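Not measured: the values here are computed from a predicted model.
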Amino acid sequence: MGGELCPPAVPVATPIPGQSGPRKCRRPPARPPWAGKGRGGRAVEGPAADLAMLRGLRNPLWPLLLLLLLLLPPPGTWGHGSRARPREGAEEAGSAGSWSAFQGLRERLRAAGALCRRYWALFSCRVWPDGCRQDEEAPARPLGWSLPLLGQQYLDILTTWYCSFQDCCDSGDCRIINNFTGLEADLRVRLHGQHLARELVLTAARGYLELPRPDKALALSFHGWSGTGKNFVARMLAENLYRDGLRSDCVKVFIATLHFPHHKYVDLYQEQLASQIRKTQEHCHQTLFILDEAEKLHPGLLEALRPHLERQAPENPRAKSPRTIFLFLSNLGGNIINEVVLNLLKAGWSREEIGMEHLEPQLQAEIVESTDSGFGHSCLVKENLIDFFIPFLPLEYRHVRLCARDAFLSQELLYTEEALDEVAKMMVYVPKEEQLFSSQGCKSISQRINYFLP
């Protein structure tokens, strides 16, 4: 309906066809929808626009205009750019008096319309700050009325209400939260038996994302047996760095056997992978790429990642540098990690005393010498483009019990100590003599607790 005098209702989130994840909000047009329009969509000004404004009184929103008029100072106290008009209706009679009254009403409606547009501009700039730079740089036009303090307070209330359920940020990208406090808590409470991964992941992620202008992407390579927590930590990172976690537009997950199953199509996969990375980086200034089963990636795909991991000089030193994190998840090196840990435990070391100096040299040597995977022979490893090789230690009986407890709690189920022991005993432990490490880690624990449901 044309001719609305005040801003329309707060925009409703509109689903974008063909896109999954949370709904997006379409940005309102630069010109307020209540501005008059003529044939061909041209803006109408002058008397025709005034008549359109008068016809807008039939709109259900006209009471809002009247309320706005009551909140404003009287015409005699208008700001600069306006003059108080004498009441000519009492002095003149007949048609001259009617025309004078109409002229006064027209001026008042013009001023009200200008203020409505001002309110809408201020509101939209608070909610969608990215599109306000041109408006801020444009010279300010004199308004018929100044913005009263009470109206400013109502604007603050409206903005707060709208931002309580929509995307509103003072600055930056609302999809990115970088909750390092939450990440630290999750790694401490929910991740069991991985003191090395807990410290390295938190330190590396925080240090990198707090750099003012990083010159390369952060590359972390997780190594260990299945079920030790590699995917679990990757999910924690996504959940604490991005509002929508793994469903965020800024997070992409690639599984080697699922997304790149056929080596004969490696050329096509290279183009698809490079294109996906480029588009995601254009869409988000902070991105996270997770490559699961990295040991099964074709060497050509690893080569395609090389330009994204090399050091690059910023094109514009003043511009905000993009930030990219690559996570490589692999079972490669799991055996040597377990062997080193077992020997140290037999020698009387406690698990928490094991440091990176005990594991990193042998882990990297195992990766480079591996003949079952091209990962160790790729340019990423040979040219030291991987920043940290993070070992995930094998889990013991006590860690499996903690995983079982978390599984019960996540489903809001009651449990007993006996039930936790029963779940832990269902797992297979190695080596055969010591029976010390769970061969599956904590994998399938959530399914096993179903046996204990009433």
Side-chain angles (χ1 to χ4, degrees), residues 15-22 24 175-176 214-223 226 230-231 233-235 237-238 241-242 244-313 315 321-334 367-390:
I16 299 178
Q19 180 171 351
S20 60
K24 308 294 180 184
R175 298 166 297 182
I176 300 170
D215 58 356
K216 75 176 294 291
L218 175 65
L220 304 179
S221 190
F222 296 171
H223 296 269
S226 177
K230 300 185 297 295
N231 281 279
V233 172
R235 185 165 73 249
L237 271 172
L241 299 184
Y242 301 92
D244 300 321
L246 291 174
R247 297 182 291 106
S248 174
D249 297 333
C250 305
V251 179
K252 300 299 177 185
V253 180
F254 303 99
I255 303 175
T257 55
L258 176 63
H259 296 93
F260 317 113
H262 306 293
H263 287 179
K264 62 180 178 180
Y265 298 127
V266 64
D267 294 337
L268 176 62
Y269 295 154
Q270 285 178 328
E271 295 178 4
Q272 292 176 343
L273 180 60
S275 175
Q276 183 68 77
I277 293 174
R278 183 176 62 255
K279 289 180 180 178
T280 307
Q281 290 176 332
E282 292 173 355
H283 191 57
C284 306
H285 75 270
Q286 178 181 306
T287 51
L288 174 64
F289 299 100
I290 303 172
L291 294 100
D292 198 2
E293 300 178 349
E295 75 278 5
K296 299 177 182 178
L297 287 172
H298 190 278
L301 292 173
L302 296 172
E303 183 67 29
L305 297 174
R306 179 179 183 176
H308 302 282
L309 292 173
E310 291 179 329
R311 297 187 181 275
Q312 299 178 358
E315 298 179 359
S321 300
R323 289 166 170 78
T324 302
I325 299 178
F326 285 91
L327 301 182
F328 298 91
L329 316 184
S330 172
N331 295 338
L332 192 63
I367 293 173
V368 171
E369 295 171 3
S370 174
T371 58
D372 299 331
S373 170
F375 184 80
H377 305 282
S378 67
C379 60
L380 305 186
V381 175
K382 290 183 177 180
E383 299 180 14
N384 298 317
L385 298 179
I386 304 293
D387 296 292
F388 295 98
F389 294 90
I390 301 180

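Looking only at side-chain heavy atoms (C-beta outward), L291 and L301 stay at 4.5 Å or farther from each other. Under the 4.5 Å side-chain criterion, counting only non-hydrogen atoms from C-beta, L297 is not in contact with F375. Using a 4.5 Å heavy-atom cutoff, the side chains of Q286 and L241 are in contact. In this structure, the side chains of L305 and I277 come closer than 4.5 Å at one or more pairs of heavy atoms. Looking only at side-chain heavy atoms (C-beta outward), Y269 and H298 stay at 4.5 Å or farther from each other. Between F289 and H308, the closest side-chain pair of non-hydrogen atoms is not below 4.5 Å.
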Handout entry: Stepwise side-chain hydrogen bond (donor to acceptor under 3.5 Å, both in side chains) check, S330 with E295
Key = CA-CA 6 Å; S330 172; E295 75 278 5; 2.9 Å; yes
Exercise for the section: May I have the step-by-step check of salt bridge (charged side-chain N to carboxylate O under 4.0 Å, His left out) for E303 and R306, ending in yes or no? Expected result: CA-CA 5 Å; E303 183 67 29; R306 179 179 183 176; 3.2 Å; yes
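In terms of heavy atoms, A217 sits closest to L309 at CB-CD2, 4.1 Å. Annotation for G245 and V251: closest pair O-CG2, 3.6 Å, computed over non-hydrogen atoms. Here the shortest heavy-atom pairing between A304 and Q270 reads CB-CG, 4.2 Å. L329 and A234 make their closest contact through CD1-CB, 4.4 Å (heavy atoms, listed as atom of the first residue, atom of the second, distance). Minimum interatomic distance between G300 and V266 (heavy atoms only, all atoms of both residues): CA-CG2, 4.4 Å. When all heavy atoms are compared, the tightest approach of H285 to I176 is CE1-CD1, 3.5 Å.
Other residues, nucleotides and ligands place more than 12 heavy atoms under 6.0 Å from the NZ atom of K216.
The backbone N or O of A219 sits less than 3.5 Å from a side-chain atom of D387, completing a donor-acceptor pair. Not one N or O on the side chain of S248 forms a donor-acceptor pair closer than 3.5 Å with the backbone of D244. Side-chain atoms of H223 do not come within 3.5 Å of backbone N or O of F328 as any donor-acceptor pair. Checked by atom type and distance alone, the side chain of S275 never pairs as donor or acceptor with a backbone atom of Q272 at under 3.5 Å.
I390 contributes atom CD1, which lies 12.0 Å from atom NZ of K230 (distance to the nearest 0.5 angstrom). If you take CG on N384 and SG on C379, they are separated by 11.5 Å, rounding to the nearest 0.5 Å. For the atom pair CD of Q276 and CD of E271, the computed distance is 14.0 Å after rounding to the nearest 0.5 Å. For the atom pair CZ (F326) and CD1 (I290), the distance works out to 11.5 Å, reported to the nearest 0.5 Å. Taking CZ from R278 and CG from L273, the interatomic distance works out to 10.5 Å, rounded to the nearest 0.5 Å. Here H377 contributes atom NE2 and S370 contributes atom OG; the two are 6.0 Å apart, rounded to the nearest 0.5 Å.
Applying the disulfide bond (SG atoms under 2.5 Å apart) rule to pairs touching residues 245-312 yields C250-C284, sequence neighbours excluded.
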In residues 257-264, what donor-acceptor pairs under 3.5 Å come from side-chain atoms, sequence neighbours left out?
unit_1 : atom_1 : unit_2 : atom_2 : d
T257   : OG1    : E293   : OE1    : 2.7
H259   : ND1    : I255   : N      : 2.9
H259   : ND1    : I255   : O      : 3.4

